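Before any comments, here is the structure.
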Amino acid sequence: MPSADHAATFAKAEKICHDNGVKLTVKRKNVLGVLLNSDKPLSAYEIADIYRTTHHETLAPMSVYRMLDILSELPLVHKLSSENKYLACSHITCSHTHQVPQFLICKSCGKVAEKGIQASVIEALKESIKQADFQLLNSQIELQCICNDCAKSTLS
């Protein structure tokens, strides 16, 4: 079972799914729980391994990918394309309008921070891209960084 400390998150996830005509099945909820309980992004294979250990049930990686696709569409989960890993949206329980997600990824420890970026910045990027005779396919931004903890440890 998913952790009780995520009750509000699961309640909001249920509502988001219902509002979008999607059922938050027990397995989808458990996959979301695996991501919520992780302190770093996970691959589908890592999710399947943790799921097997936690829920004593085998879940094929292809099934995990299908569930992640559904959860990503809502968006309850984000895919980090540069890492081919997934993380739970950090804004599931927020009631405000979300900005375009931007992910700061520590190349040393793998920690990820999700931050919103103003729509005006994305619009400026789209205009610049259009002027170069291209079309933007995905406005998600993934920036390779080093977190302050790792930066401090390299200075020590």
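Keep in mind that what you see is a predicted model, and the values were worked out from it rather than measured. Heavy-atom basis, side chains included; hydrogens, waters and symmetry copies ignored.
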Do the side chains of [X] and [Y] join up, straight or via other hydrophobic residues, at under 4.5 Å, putting them in one cluster?
X: Tyr45; Y: Leu71; result: yes
X: Val100; Y: Phe103; result: no
X: Leu74; Y: Leu42; result: yes
X: Leu35; Y: Leu104; result: no

Looking at [X], I want to see if its [atom1] is surrounded by more than 12 non-hydrogen atoms of other residues, nucleotides or ligands under 6.0 Å.
X: Lys40; atom1: NZ; answer: no
X: Gln144; atom1: CD; answer: yes
X: Glu73; atom1: CD; answer: no

Under 3.5 Å, is there a donor on one side chain and an acceptor on the other for Gln140 and His78?
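No - no donor-acceptor pair under 3.5 Å links their side chains.
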
Euclidean distance, [Y] [atom2] relative to [X] [atom1], rounded to 0.5 Å:
X: Glu57; Y: Asn30; atom1: CD; atom2: CG; result: 8.0 Å
X: Leu59; Y: Ile50; atom1: CG; atom2: CD1; result: 12.0 Å
X: Ile141; Y: Ser82; atom1: CD1; atom2: OG; result: 12.5 Å
X: Cys17; Y: Leu76; atom1: SG; atom2: CG; result: 5.0 Å
X: Lys15; Y: Ile92; atom1: NZ; atom2: CD1; result: 14.5 Å
X: Lys126; Y: Glu123; atom1: NZ; atom2: CD; result: 4.5 Å

What's the shortest heavy-atom distance between [X] and [Y], and which atoms?
X: Phe10; Y: Gly33; result: CZ-CA, 3.8 Å
X: Ala88; Y: Leu36; result: CB-CD2, 3.6 Å
X: Val64; Y: Ala48; result: CG2-CB, 4.1 Å
X: Pro41; Y: Leu80; result: CG-CD1, 3.6 Å

Could you tell me whether the side chain of [Y] reaches within less than 4.5 Å of the side chain of [X], counting heavy atoms only?
X: Val77; Y: Ile70; value: no
X: Cys150; Y: Cys109; value: yes
X: Val22; Y: Arg28; value: yes
X: Leu143; Y: Gln102; value: yes

For Glu46 and Lys85, run side-chain contact (heavy atoms from CB on, under 4.5 Å): C-alpha distance rounded to whole Å, both residues' side-chain angles, the deciding distance at 0.1 Å, then the answer.
CA-CA 9 Å; Glu46 291 169 324; Lys85 293 189 177 188; 3.9 Å; yes

May I ask you to decide whether Arg52 forms a salt bridge with Asp49, counting only side-chain N to carboxylate O separations under 4.0 Å?
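Looking at Asp49 together with Arg52, the answer is yes, because their closest N to O distance falls below 4.0 Å.
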
I'd like to know if Lys79 and Glu142 make a salt bridge, using a cut-off of under 4.0 Å between side-chain N and carboxylate O.
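No, no charged N to carboxylate O under 4.0 Å.
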
Plane angle bin for Tyr51 and His55 - parallel if under 30°, tilted between 30 and 60°, otherwise perpendicular:
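His55 and Tyr51: tilted rings.
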
Please step through side-chain contact (heavy atoms from CB on, under 4.5 Å) for the pair Thr54 and Asn37, ending with a clear verdict.
CA-CA 11 Å; Thr54 307; Asn37 289 324; over 6 Å; no

